Amino acid sequence: MAPVTRFAPSPTGFLHIGGARTALFNRLFARHHGGVFRLRIEDTDKQRSTPEAIEAILEGMRWLGLDWDDEVVFQSARAERHREVALELLEAGKAYRCYATPEELKEMRERARAEGRPPGYDGRWRDRDPADAPEGVPPVIRFKAPREGEQVIEDLVQGQVTVANRQLDDMIILRSDGSPTYMHSVVVDDHDMGITHVIRGDDHLTNAFRQRQLYEAMGWPVPAFAHIPLIHGADGAKMSKRHGALAIGAYRDEGYLPEALRNYLLRLGWGHGDEEIISDAQAVEWFDVGDVGKNPARFDFAKLDNLNAHYLRQRDDESLTALLEVRRTARGESGFTELQVERLLAGMASLKQRAKRLDDLESAAEVYLVDPPIAYSDQAKKLLTPDALSHLAGLRALLEASGWEREELEATTRQFAEEISDPPLKLGKVAQPLRAAITGSKVSPPIFEVMEILGRKSCLERLDSCLNGANFS
RNA sequence: GUCCCCAUCGUCUAGAGGCCUAGGACGCCAGCCUUUCACGUUGGUAACACGGGUUCGAAUCCCGUUGGGGACGCCA
């Protein structure tokens with residue numbers, strides 16, 4: 001039977017990096033086994049769920065390239081069905097009404113803790129006569145969990161994990177307002193959606209035991225579980241949603257490519273021999289959830305950057321130019337002119353070799369985007385000593401008559417430095433100030449390439465403005 | 001407090017009793033390439049948490065210690 005997996009985020013925050021990895025693994029597992037990957041939005045908490053968050057999650061999934069099958073299931077739309085199952089359990093004597101007040105519950109927990117017992121509900125309404133029900137108190141419905149024995153889960157990642165039933169209390173499946181709780185909805189939905197493999201974060205492991213009890217009470221087949229370890233921050237602390245730039249959109253904004261993030265996330269907790277650069281097709285072919293490690297991984301931006309740089313170099317120049325334009329218009333600035341596009345396309349090959357992220361690429365691309373007079377960095381100014389400026393003045397005269405292919409430009413500059421200049425100079429002595437004058441920066445792509453792309457007119461303009469106006473020393 | 005899980009270079013990992021004087025990648029350091037920066041390339045640094053077993057032999061199996069993490073809501 002082909003497996004059916006699902007990613008089931010709750011829209012109380014944005015899609016974060018841990019959720020993205022969970023979704024990735026679910027998708028890869030399904031694709032690998034020729035199964036189905038579904039998406040369910042767990043929006044049963046009406047107070048905290050927002051339409052913005054739902055949209056952000058869907059957008060994050062799409063951006064990351066995590067396409068899902070079938071329609072998105074909204075848990076809130078299924079409340080009636082959840083209630084129906086809860087009532088069925090009540091009818092069958094596998095659940096009961098409980099009238100305990102929040103104060104009583106709190107006290108129970110405190111006492112249990114003080115006495116060294118597992119904290120939780122003590123079952124005081126479990127076998128009580130319904131006639132004892134207090135007037136006017138709406139009850140919750142609790143699941144009558146087995147008290148003896150144990151729950152054994154054969155987790156695909158964690159291995160066999162056992163918990164004694166006495167550790168688990170009678171959980172609420174229907175709130176006093178009649179709405180279903182998460183623990184209950186998940187089981188009903190996973191069953192109804194035909195989920196065969198529940199792949200989710202390690203933080204749900206203990207939930208699995210309770211959920212297993214419910215499956216059994218309903219006589220439903222228990223799905224396979226795979227609880228994958230959580231991602232930790234660089235400091236080893238857990239990566240909470242509050243930890244700053246962790247929403248998936250933040251990675252996009254900082255200039256990470258979805259394929260780089262996918263590759264990075266895949267290698268967190270999973271490996272395939274010595275493979276580091278793994279294409280989507282290879283990922284589908286190689287990935288199996290059983291190979292996921294049990295130890296939590298720390299998030300390392302340096303490695304992500306390295307992967308991102310790799311995929312940046314891999315991208316074609318057109319798509320990179322388009323990406324740059326999108327970033328720009330997203331800030332409310334105008335798109336590129338024809339000339340700018342022409343220059344970017346010509347220069348992209350060496351530009352992308354120098355960038356780790358799109359924002360690096362963007363600032364490196366500035367050379368081709370600004371009009372003179374250009375701004376000079378402090379380091380560029382340092383390069384433009386009186387001596388250097390006089391060299392540039394000499395070079396300018398030769399440039400006037402030089403061919404403008406990069407090789408010709410280099411030959412001209414070399415000729416000036418090594419033959420005309422007295423005493424002779426090393427190429428760098430002239431090329432560096434030239435770079436500063438043309439680009440306003442100490443670093444850039446090969447200067448003769450930049451000059452070729454910029455064209456004669458623009459370069460001489462920049463040179464003149466540097467030579468005339470400026471006093472850099 | 002109760003229960004559960006984890007433990008190989010700084011980080012991600014390979015390793016399923018001899019192939020391990022522990023491999024790869026990122027980072028870091030150095031060399032080469034070079035008009036800068038990068039790319040590329042060559043080399044280097046660096047780990048089996050600790051203590052007991054089991055075994056002819058343990059990073060790999062068992063137990064304990066320590067250290068990390070997670071779960072214990074009418075949240076999901």
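Note that the coordinates shown come from a computational prediction; the quantities given were computed from them, not determined experimentally.
When both distances must be under 3.5 Å, the Watson-Crick or G-U wobble mate of C74(B) does not exist. When both pairing distances are held under 3.5 Å, C9(B) makes no Watson-Crick or G-U pair with any nucleotide shown.
Nucleic acid contact for Ile447(A): base, since at least one base atom lies under 4.0 Å from a heavy atom of the residue. At the heavy-atom level, Arg109(A) lies under 4.0 Å from the strands shown only through sugar-phosphate atoms. Counting non-hydrogen atoms under 4.0 angstrom, Pro445(A) reaches a base of the nucleic acid. Note on Leu174(A): nothing from the nucleic acid sits closer than 4.0 angstrom, heavy atoms only. If you check every strand for non-hydrogen atoms under 4.0 Å, Ala100(A) touches a base. Within 4.0 Å (heavy atoms only), Asn207(A) reaches at least one base atom of the nucleic acid. Residue contacts shown for Thr162(A) are limited to sugar-phosphate atoms, with no base heavy atom under 4.0 Å away. Among the protein residues, Glu276(A) comes within range of the nucleic acid bases, having at least one heavy atom under 4.0 Å from a base atom. Heavy atoms of His204(A) sit under 4.0 angstrom from at least one base atom. Across all strands shown, Gly116(A) has heavy atoms under 4.0 Å from sugar-phosphate atoms exclusively, and none from any base.
Rounding to whole angstrom units, CD of residue Glu110(A) and P of G73(B) are separated by 12 Å. Between the CZ atom of Arg298(A) and the C1' atom of A7(B) there is a distance of 12 Å, given to the nearest Å. Taking atom CD of Gln353(A) as the reference point, atom C1' of C37(B) lies 11 Å away to the nearest angstrom. Atom CZ in Arg354(A) sits about 15 Å away from atom P in U34(B), given to the nearest Å. Whole-Å rounding puts the Asp274(A) CG to C12(B) P distance at 17 Å. Distance Lys294(A) NZ to U13(B) P: 15 Å, rounded to the nearest Å.
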As a quick check of understanding, evaluate ring-ring contact (aromatic ring centres under 6.0 Å, His included) for Phe299(A) and Tyr264(A), giving each step before the final call. CA-CA 9 Å; Phe299(A) 197 89; Tyr264(A) 179 72; 5.0 Å; yes

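The side chain of Asn306(A) lies closest to G27(B), out of G27(B), A71(B), A76(B). Candidate nucleotides C74(B), C4(B), U2(B) were compared by shortest atom distance to the side chain of Pro118(A), and U2(B) ranks first. When distances run from any side-chain atom of Gln432(A) to the nucleotides U35(B), C12(B), A76(B), the shortest one goes to U35(B).
Side-chain N or O atoms of Glu418(A) include none that pairs as donor or acceptor with a backbone N or O of Pro424(A) at under 3.5 Å.
Each of Lys442(A) and Tyr99(A) has a nearest nucleotide on RNA chain B; the 5'-most of these lies closest to Lys442(A).
You'll find a donor-acceptor pair under 3.5 Å spanning the side chain of Ser176(A) and the base of C74(B), going by distance alone. Remark: the Arg435(A) side chain and the U35(B) base include a donor-acceptor N/O pair separated by less than 3.5 Å.
Residues Ser402(A) and Thr412(A) bring a donor and an acceptor atom of their side chains to less than 3.5 Å of each other.
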